[in-house]
Amino acid sequence: MSIPPFLFYLAGALVLPLVPKGAMRSLFLSLVPVLALTQFVVLPFGEYASAELFGYTLILLRLDALAYAFSLIFSIAAFLAALFAWHIRDTTQQIATLIYSGVAIGAVQAGDLITLFCFWEATAFASVFLVWARRTDGAYFTGMRYLIFQMLSGLLLLAGIILHINATGSNLFVQFPDINFAAVLILLAFGIKCAFPLLHDWLQDAYPASTPTGTVVLSVFTTKLAVYALARGFPGLEALVYIGALMALFPIFYAVIENDLRRVLAFSLNNQLGFMVVGVGIGTPLALNGTVTHAFCHVLYKALLFMSMGAVLLRAGTTKGSELGGLYKSMPYTTVFCVIGAASISAFPLFSGFISKSLILSAADKQGYTLVWFALLFASAGVFHYCGIKIPYFAFFARDSGIRCREAPWNMLLAMGLTALLCVGIGVFPQPLYNILPYGVSYVPYTADHVVFQLQLLLFSALAFMVLMSKGIYPAGLRSVNLSSDIVYRKWLPRVLLWTWGSIEQFVVSITAPLRRESRQIFRNIGVVIGNEHGSGVMLLWVGVLLVFLLALTYLAR
Amino acid sequence: MNDTSALYLAILLPLLGAVLIAALRNHPNLREAATLVTSVVLFANVCWLVASVANGATPRAENILPMPVSGLFLSLELEPLGAMFAAIASGLWIINSLYSIGYMRANKEKHQTRFYICFAIAIAAAMGIALSGDLITLFVFYEVLTLATYPLVAHKQTAEAKAGARTYLLILLSTSVFLLLFAIAWTYDIAGTVAFAQGGILSGRIESWLAPVLLACFAFGIGKAALLPVHLWLPAAMVAPTPVSALLHAVAVVKAGVFTMLKVGVYIFGIDFLEQTGASQWLAWLAGASILYASVRALAQDNLKARLAYSTVSQLSYVTLAMALATPLGALAGALQIAMHAFGKITLFMCAGAIYVASHRTQVSGLNGLARAMPVTFTAFAVGALSIIGAPLLGGFWVKWEIIFAANALEQLVFIIVMIASSMLSLAYFAPVIGRGFFLPPAQASGDADASAPKEAPLLCVLPPSISAIICIILFFQVDALWRFLELIFESTP
Amino acid sequence: MFVAILPAALLTQLPILQVAIPLLAAPVCVLFRRGRWAHDFSLLVTAIASIISVALLQFVFNGGVISYALGGFAPPWGIEYRIDSANAVILLLVSVSGFLALLQSRASIETEIPEQKHPLFYTAFLLCLTGLLGVAATGDAFNAFVFLEISSLATYALVAMGKSPRALTAAFRYLILGTIGASTFVIGVGLLYMATGTLNMSDLATRIPASPHHAVIQAAFALIIVGLGLKAAIFPLHLWLPNVYTFAPAVVTTFLAATATKVALYLLARFVFVIFEDASFAGTLLMPLALLAMFLASLAALQQGNVKRILAYSSIAQIGYMLFALALASTQAVAAAWLLILTHALAKGGLFMAVAGIALQTGSSNLDDWKGIAKQMPWSAAVMVVCFLSLVGVPLTAGFVAKWSLLSAIFSTSESIILAAVVAGVSLLTLLYAGKVLETVYLGTPDEQNATANLREAPLAMLLVALLVAAMNIYFGFNGTMLSDLSKRAALALLSGF
Amino acid sequence: MNEQPRFLLSRLLQRIDSPLGVKRICYILLVACGLLVAIGLFIPHHDAYGMGAIVARIPGFYGIYGFVMSALLVIIAKALRRILMRSEDYYAPRTIDNEETQKERNSST
């Protein structure tokens, strides 16, 4: 008997309001992921819990290596996030977190497209609450934009699924054999959630807008779910290699000049996704393994970084680089955890990023994607630059901003500590993680050349940072907004639409107003001609006219 | 009891209820009890009929009254589509009655007896529409429905209410008298009958270039279906009290419109005939335009009920679009939309009414933070809205699913795009209610005017929308049964 | 049923009795000192006339055509009274309308007409009735003229008795125009006589086809159409009608609206279809006029502020309908025309009755004074609703039966959807002015200076009759078989000739 | 500013943060870089294919690449700022970017 794990989360969300607020509820919140985890962690791979709905067979729980890895990391992250949010007393956020985690796990374990779609949409609706939970006007509007983008993804997926089912008659979620229109729609849907270039703006827009704890949850699921879906549906699709490379490259430029550190993290999230997408695109066992590992590690260190920034936001009230600095004096533990996260994302040896990123790089190299390989190398150096150094440096060191606050609450520290421990642990002992990878590939990350070259790359990068910093070339944090492709729908499109609407309206009015006036006049005239009282003379005239007319007609008709 | 007498009963019961209500006008509690009892009995009766239809029977009552022109009779006949409509209308009457009691009392509305009487008559008319076996009978009940709801729309008797009711009556009566009747007469002339028949009655009898014209007469003549140029009555009717809006938008009126549209498509033209001639092509396009236009208009409305009204316009065109796709699948999807939209929209309206009762707020921009005071109402609203949007786990999803399926089968990409765009737009106009309600801080500028913090509305205002919201969820999982029932449309021979 | 109990001898005399009884009774009214007696007497007379008409109809319906030679001179030399399905229906309509109008209107007559004039009033009323019955019953062209004049002259007098001073001018203008119309008509008849040497209609019908393109006959044709058109208030010869309907005493308006124009229309149909047998030509002539009437008069009705005027213009538009149906000239269409005549009489009669009641209580027929009157006079208002619905042609009212027949007639004769659309479109306009009146009556808020609060419902007698008519509107909506059978036979009678 | 941070860890970190600490780090970094290049010359590269194998033969390639590219990155990004940067309230009020600033302003007045 196996219950699909997502049901635990949903049931938990239902029961949650009944649990008294406070420690009880927080405990409950962190126990749900553990309970759900026990349901599948020892389950043999296979398909469970299928249901019939509307003539389709739904597979609610399909466990294979790919799904297992993602479910596992999602569950761990859900637990850590719950721990991190222990102090939160906001019921809506708690419910949203539970549902969001649950449906994300459900989506990963969905064996068919319809179930996948249901969860796909549900992640969108559940997650927007976390954005809104900040409860400001800005967050509200941001959430609306976020929601619409997520919905667009869902709808494209829906259309694609329907087209797919119509063409193939099967609703199983397996690799899409050929890239027809249906597949393109589905790819686009995945692409939106995966923040493909030009479809990515929702990510940098929404993630920094959430609450300190909300962003942590957000950073875990949506995009990794998309990576999972790509890995399942489109492994080896070559276009993805280039899309991924582009994703890895362009956000780093933005990240360097971005002021809001959580948005910097969002850009780096995008950049890291690029690595994973490249891995999916290469599609060799090594590359796919790299994608899975990287996603696994990424969830942890990105969560860690967002946690540390969340703690900063909670205590210092802002995460803007221009306002922060010298926080290590107040929040030393957070500082250390942040540095561990930064080291992990920068792929320092002995940290988790190292053992995952190199798989993808190796795979790219192996398959002869030279340019892509260079690009990824560049991106790796860049990551260290704007994320590995910039985040800890601007937040905790640099010039002293004078902010003196308390250290993060114990639960946050505990959550960060556990996450940091996992990051280091995986970095040191990668084999357990490698063991759960979908493809049996033996890979040894810790070879001399790997370590040395990686260190070369990173330390020279650091050198560059130092040089630029000392020369004053490094861009300082400035309160600003950096334009991106989202200006199209945030500024231009509304203007164009309003203008079009307005001019159409004006046009219609300018046409109809005289028409209306005229017709009213005609109407009134009819009234005057027909309705008014006329003298007998008029009548006589009509009699005469009619007579003459009739006579003429009869005469002519002869 | 046999099927035929059950047919008569379905129409007579609400009328009887109206008489009872009138008789008990001095005893409000008994009067409301009369409404409730009647609605429950009616529902039971309709369920009996539905069961009989599900078993393959076709309850009939022909030649009830002789009509002047030979071959033209009033007749009743129940096929699956009508059975579904009847079941929805009578079922929602129960919920709506409960809600009406809560709403009318909480708002201390006047003329409550008139309200309940007209309501009952409107339900009788809706039953008649559902059960009618030919166009003339349908037309008669259609007009009765218009007339019976007119006093309801004008209920408040303010200048605004009168103006709205006037537009309501004018558009509905004029389209039906001008175009619908004309179309019926024309149909009669072509086919020699106006009785609904499996596969339509026009096939091979009308020149193919005239078929779209006749269809146009029907499409615009059925004003209650609120196709683009004739949709204006719906926003105008928003002046009515909320239970009436629920009646208009969910229980009876607009549903009667699209139901008629479906009936005409399926049983007068015949889906095959429409497909062969392509007579409904233009209608599909117009319905698509209607969907998008109304959605955009909804987006621009700040008044919650006006927003809902435009949403209804857009959602109704789903049915028309589905029918105009001219495939059996499309027609079934349209029928499904009638059911799904009914439950979704009634939830929304009852929530809007509950919000009004509790806080006297009508504008979306004024809802900030209200959800924290009324979590149940807003949750129900969210469920209803998501169902309308077509989110999974809610009934509305399957409609979207089937319509896209039907459009895809025809390789009509544009309608898939329309469906997607419409879902996006509906999300865009519903999400603010939820987002603002739950997450924005309440406005404080109004000061002590709203000194008494709003609380959840009375139980009878909150319970009904909760029930219908739950039904929205159940419908997602139980769609199979409904669908199989509807499939009888193309299997049985009525 | 009557036919069965009536002795055969009496039966053959029925056509003359139908006309003669009111004619002889008319002067008797003058003898009564008191109006009330005169009223009761004329009521009795109209009742008898109604019974006779029912009997005639019954007889004709069973397949007969009654030809009665006046004074024993056989046609074509003597004057022939000839009853077939077409005019039996009209006779019934006229006599029953007269009866109901009288039955309903005692109260309104008493307030509108000075006591001492009552006997004269009833005399004129009966004379008018006689004229209309005579026109319908006779089979002789000149005799028809005579009766037309009898009814017209009586009508002038009746209209002039209206309370408003403007009734006089209305009557005077009607007098002038009516006389012109009558003269035109009689010249036409004279020309016919000149050309054919006969005045008997069936005789004319057999002789005219022999020389169809004779110039004199064609001139006669034109003259007769114009003359009768004026009597029937065919657009644009309708200008006399609004004032007459507005300012005549209520009972007169009710009666005239239900009957007068229809009788003229009947005669027109008789001439066109039976005598000239030139239906298609007449159709092309009259069709545009009919359409114009339907549209323009309805528009004009929309702009009126006086209920009676609204109804008057509505009548002009409805006459357009009837003319339209006649102009289509198929059996089905003529049947539709007859149905229109009957149902319009029902609807418009009922409306004018209700209006009479309300006008009696409010002392005004201006719409502005009727705001929210439905609260005080719910039954009268209800009658208006029913009759308006019938006028618009909503199903389950008599009007629907007619409207439906007209639409199917259009479809089956002309194949022109556009015509049908126009007809349907005009009912839209009807709806508009009906809505305007009803909304004021139901939802208007009374102006402060016209306190309507203490108004009471119309007198019971008025109300009951109005309700009866309204009920008939509904009854025939449910069971229109009788009406449509009648009209179908009438059409057959007209189109198959003598 | 000679305040003593409360936490022991903070005091440790303060050492790094001090001017002297920074200087030390710089030196350590330079030395480490040199060492790495040196080591890189001697290690075998068995896990490199294609381009990876080629560039591994260039002494200190990874270091140079890392240095140049990150410098380029910063310089290009800084140039991009000229095009892309807008004031914080560019999208206001529909964004969170100016809200903190706004809040500060409100609390200070």
Please set out all donor-acceptor pairs under 3.5 angstrom arising from side-chain atoms of residues 369-380 of chain A, sequence neighbours excluded.
from: A:Ser380; atom 1: OG; to: A:Leu376; atom 2: O; distance (Å): 2.8

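Of the atoms belonging to A:Ala476, it is backbone heavy atoms, and not side-chain ones, that fall under 4.5 Å from chain D. For A:Ile487, the parts lying under 4.5 angstrom from a heavy atom of chain D are both the backbone and the side chain. Neither the backbone nor the side chain of A:Ser358 comes within contact range of chain D; no heavy atoms are under 4.5 Å apart. The contact between A:Glu323 and chain D is made entirely by side chain atoms (from C-beta outward), counting heavy-atom distances below 4.5 Å. Only the side chain of A:Val336 comes within contact range of chain D, judged by heavy atoms closer than 4.5 Å. No part of A:Phe384 comes within reach of chain D, as not one of its non-hydrogen atoms sits under 4.5 angstrom from that chain. For a residue to count as touching a neighbouring chain, one of its non-hydrogen atoms must lie under 4.5 Å from one of that chain's; by this rule D:Val37 touches chain A with backbone and side chain alike. Contacts of A:Leu313 with chain D are made by side-chain atoms alone, with heavy-atom separations under 4.5 Å and no backbone atom involved.
Between chain D and the options A:Ala381, A:Ala255, A:Ser480, heavy-atom pairs under 4.5 Å are most frequent for A:Ser480. Taking D:Ile39, D:Val68, D:Ile76, D:Thr101 one by one and counting their heavy-atom pairs under 4.5 Å with chain A, the maximum is reached by D:Thr101. Taking chain D as the reference chain and counting heavy-atom pairs below 4.5 Å, the highest number among A:Phe396, A:Tyr474, A:Phe453 is found for A:Phe453. Highest contact tally toward chain A, considering only D:Pro93, D:Ala77, D:Ser87, is held by D:Ala77 [criterion: heavy-atom pairs under 4.5 Å]. Between chain D and the options A:Tyr254, A:Tyr386, A:Tyr140, the largest number of non-hydrogen pairs under 4.5 Å is found for A:Tyr254. When each of A:Val256, A:Ile257, A:Val452, A:Asn482 is scored by its heavy-atom pairs under 4.5 Å with chain D, the top score falls to A:Ile257.
Annotation: side chain of A:Leu483 is in contact with side chain of D:Tyr91 (closest heavy-atom distance under 4.5 Å). The side-chain heavy atoms of D:Val22 and A:Met466, taken from C-beta on, include no pair separated by under 4.5 Å. The side-chain heavy atoms of D:Tyr62 and A:Leu458, taken from C-beta on, include no pair separated by under 4.5 Å. Side-chain contact check for A:Val481 versus D:Met85: every heavy-atom pair is 4.5 Å or farther apart.
Smallest separation of non-hydrogen atoms from A:Gly138 and D:Glu99: N-OE2, 2.6 Å. Among all heavy-atom pairs drawn from D:Cys33 and A:Leu463, the shortest one is SG-CD2, 4.2 Å. Residues A:Arg490 and D:Arg94 come closest through the heavy atom pair NH2-O, 4.2 Å. Closest of all the heavy-atom pairs between D:Ser70 and A:His385 is CB-CD2, 3.1 Å. Closest heavy-atom contact between A:Pro475 and D:Val74: CD-CG1, 3.4 Å. Here the closest non-hydrogen pair linking D:Thr95 and A:Thr142 is CA-OG1, 4.1 Å.
Annotation: the span from D:Ile96 atom CD1 to A:Arg262 atom CZ amounts to 7.0 Å, rounded to 0.5 Å. D:Lys78 NZ to A:Leu468 CG: the interatomic distance, rounded to the nearest 0.5 Å, is 9.0 Å. Taking CG of A:Leu249 as the reference point, atom CG of D:Leu73 lies at 9.5 Å (rounded to 0.5 Å). Note: A:Asp365 CG to D:Ile54 CD1 = 9.0 Å, rounded to the nearest 0.5 Å. Summarising the geometry, atom OH belonging to A:Tyr328 is positioned 8.0 Å from atom OG belonging to D:Ser10; distances are rounded to the nearest 0.5 Å. The CD atom of D:Glu88 sits 10.5 Å away from atom CG of A:Leu478, with the distance rounded to the nearest 0.5 Å.
Atom CZ of D:Arg24 has 12 or fewer heavy atoms from other residues, nucleotides or ligands within 6.0 Å. A 6.0 Å sphere centred on CZ of D:Arg11 holds more than 12 heavy atoms belonging to other residues, nucleotides or ligands. By the 6.0 Å contact criterion, NZ on A:Lys491 is enclosed, its count of non-hydrogen atoms from other residues, nucleotides or ligands being greater than 12. A 6.0 Å sphere centred on CZ of D:Arg82 holds no more than 12 heavy atoms belonging to other residues, nucleotides or ligands.
In this structure, D:Phe67 has no ring-ring contact (aromatic ring centres under 6.0 Å, His included) partners at least two apart in sequence or on a different chain.
Look at A:Glu258 and D:Arg81 and you find no salt bridge, because none of the NZ, NE, NH1 or NH2 atoms lies under 4.0 Å from a carboxylate O. Remark: A:Arg263 engages D:Asp97 in a salt bridge, criterion side-chain N to carboxylate O under 4.0 Å.
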